K.L.:
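Following this message is one structure expressed as structure tokens.
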Amino acid sequence: MRRILLLLPTTSYRNAAFLAAGKALDVEIVTCADYCHRLAPSWGLPATLSLPFDRPEVAIKTLLRIFAGADGFARRKLDAVLAVDDAGLELAALLNQHLALPGNQPAAVRRLRDKLAFRELLQTHRFNCPTFVHLPDGENIRPPTLSFPLVVKPRRLSASRGVIRADNDEEFMHAIQRAREIQRRADRDAVDFGLVVEAFIPGREYALEGLLIQGGLRVLALFDKPDPLDGPFFEETLYLTPSRLSPALQQTIAAEVERACRVADITSGPVHAEMRVNQLGVWLLEIAARSIGGQCSDVLKHTLGMSLEELIMRHALGLPLPNFRIEAEPVGASGVMMMPIAKRGIFRGARNVGAALNISGISAIQVTAQINQLLVPLPEGASYLGFIFAHAATTDAVEAALRSAHQALVFDIDTALPVLESLLINDCSDQENGK
Ligand code: ADP
Ligand code: CA
């Protein structure tokens, strides 16, 4: 039986789908998480397999002890190592390298996770790239090379956390303070990283889901993101495929993504790319060496004929891949709405789910927020109320169904309760010292 190590961030929406794919493929799954090593035993979990994903050079030592050493349980070799989400990517690349398994180079993966390094790469290789600067901690002056509107963002976060538009100096000062605070809480290396400030790119947004096979890009889907994302915060909502863009523009997008992966030295496995398109062309916002976030991969099952996670796992294990040809298959259109958290408060429940489910084209509704959970909207928050899925004959019909279903749903959120922020910070910072 083949054996695969999955790096599962404690809070990822992606875990269940990857575990299910492992079952479908009948592979042995070994998991490792980044939950707190102190809390692990009280949850009935072994502390040894809880690792600080954000300290890959520390975590790799433990992993090598376990997987390259002579422990009984680990003596059989691993056939693949996969990170299911951003957090474990660098560690997975390091372990692949140490175990001589195929995969991307750790340095390449690290660079893509760093928004400043990615902008530098685009600039060097003459992609469309907004004017940008690095704003280290403690620097508060708007860079003279940049004029409003601007976007301020933490250098190494995801899911639009801490990404804030500023239209004037006052907003800029607020934005940098807020983004720094968000980064400081989410990333213990925040002070060393600082922020990226860049020109706002007007235009509509799209996302490409792909699989790199020896440097060649197979486009699995191009998504329209039809809501105008003009800030001040940038919550993801609708993802619709197939895209309504012209075939020529779709090809340009795919070619830009493939070239960016090549110059970034990302050659293997899933890629999720986001871009804006305007009259000047395609502007890459981000390329991540992972698959689409949240539970959105469900929308691809129709076109792939299997789950995206199974496809990724097959690729990692060198198993045969389906011979899918997206354009040729009359499978209709699909889409997902990530339901944003509109206000801060305690979640008390969702109503009208049945009615929303009855709307033609709606295939599933998953409310992922837990009753009595604190809901935190962007830019501080990192989660959604849940996901609505739709499948219909056309992309327009999918969009209409998702919007109607979202309108029909009612979420009860109690805003009256005071919340002690200090109770929400979980300090595992001594983990790498083995304490
Ligand atoms: P994250 O990794 O947190 O998702 P991104 O850089 O992808 O950060 O930015 C999140 C969102 O913010 C983007 O999807 C886009 O809507 C918006 N955004 C980011 N940078 C810009 C920009 N320069 N111009 C316009 N919108 C931007
Ligand atoms: Ca993004």
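One-based numbering, in listed order, for ligands and for the atoms of each. The structure presented is a predicted model; accordingly, all values stated were derived computationally and were not measured.
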K.L.:
Name every donor-acceptor pair, under 3.5 Å, that has one atom in a side chain of residues 139-148 and the other anywhere in the protein, sequence neighbours excluded.
P.N.:
{"from": "N140", "atom 1": "OD1", "to": "R180", "atom 2": "NH1", "distance (Å)": "2.8"}
{"from": "R142", "atom 1": "NE", "to": "D169", "atom 2": "OD1", "distance (Å)": "3.1"}
{"from": "R142", "atom 1": "NH1", "to": "L146", "atom 2": "O", "distance (Å)": "2.6"}

K.L.:
Counting distance only, does the side-chain N/O of T131 pair as donor-acceptor with the main-chain N or O of A199 below 3.5 Å?
P.N.:
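Pair absent, no side-chain N/O of T131 close to backbone of A199.
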
K.L.:
Under the side-chain contact (heavy atoms from CB on, under 4.5 Å) test, which residues partner R204, sequence neighbours left out?
P.N.:
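Once residues adjacent in sequence are excluded, the partners of R204 under the side-chain contact (heavy atoms from CB on, under 4.5 Å) criterion are Y206, P228.
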
K.L.:
Would you say the side-chain atoms of Q214 and T267 include a donor-acceptor pair closer than 3.5 Å?
P.N.:
no

K.L.:
Answer yes or no: is there an ion pair linking E309 with R14, defined by an N-O contact shorter than 4.0 Å?
P.N.:
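Looking at R14 together with E309, the answer is yes, because their closest N to O distance falls below 4.0 Å.
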
K.L.:
Between F53 and P56, what is the shortest heavy-atom contact and its length?
P.N.:
O-CD, 3.5 Å

K.L.:
Strictly under 3.0 Å, how many protein N, O or S atoms lie near the Ca ion (ligand 2)? Waters don't count.
P.N.:
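Excluding waters, the total comes to 2.
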
K.L.:
Flag the pair K115 and E286 as a salt bridge only when some basic side-chain nitrogen lies within less than 4.0 angstrom of an acidic carboxylate oxygen.
P.N.:
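A salt bridge is present here (some side-chain N lies under 4.0 Å from a carboxylate O).
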
K.L.:
For the residue pair F387 and F389, categorise the inter-ring angle as parallel (less than 30°), tilted (30 to 60°) or perpendicular (more than 60°).
P.N.:
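Answer is parallel, since the angle falls under 30°.
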
K.L.:
Name the residues with a heavy atom less than 4.0 Å from ligand 1?
P.N.:
K115, V151, K153, L157, S158, A159, S160, R161, V163, E198, A199, F200, I201, E205, L229, F234, E274, R276, L285, E286

K.L.:
Report the residue from R156, R155, R161 that forms a side chain to side chain donor-acceptor pair (under 3.5 Å) with D187.
P.N.:
R156

